[in-house]
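Reading through the structure tokens given below for one structure.
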Amino acid sequence: MPDVIEQLENWVKGRYEKECNRKCLNDDSLDSFGKGYKCATCMAAFEIGKILGMDMSVLRGDNEYS
């Protein structure tokens, strides 16, 4: 089971990005399917990360100075 958890954590780290937020679908892009897929994947990664107890603020870069 620890191997599955590690694989899930790696999946989250690879798919959750700082730009993932509720506004990502509001972008006027010609590639709306691709944008929707990316946003949905980001949101799924965020939820899975929360379930696993991961610190999502580290992945988002909240601790960095803008």
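The structure displayed is predicted, hence computed values, not measured ones.
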- Pairwise distance NZ(Lys38) to CE(Met43) - rounded to 0.5 angstrom: 12.5 Å
- So which heavy atom on Ala45 is nearest to which on Trp11, and how close? CA-CZ3, 3.5 Å
- Item | Rounded distance [0.5 Å steps], CG in Leu8 versus NZ in Lys13 | 11.5 Å
- Message: So, using salt bridge (Lys or Arg N to Asp or Glu O under 4.0 Å) as the criterion, who are the partners of Glu47 when residues are at least two apart?
- Response: Lys50
- Note on the structure: Value for CD1 (Ile51) from CD1 (Ile5), rounded to nearest 0.5 Å, stands at 12.0 Å
- Note on the structure: Heavy atoms of Tyr16 and Cys42 approach each other most closely as CD1-O, 3.4 Å
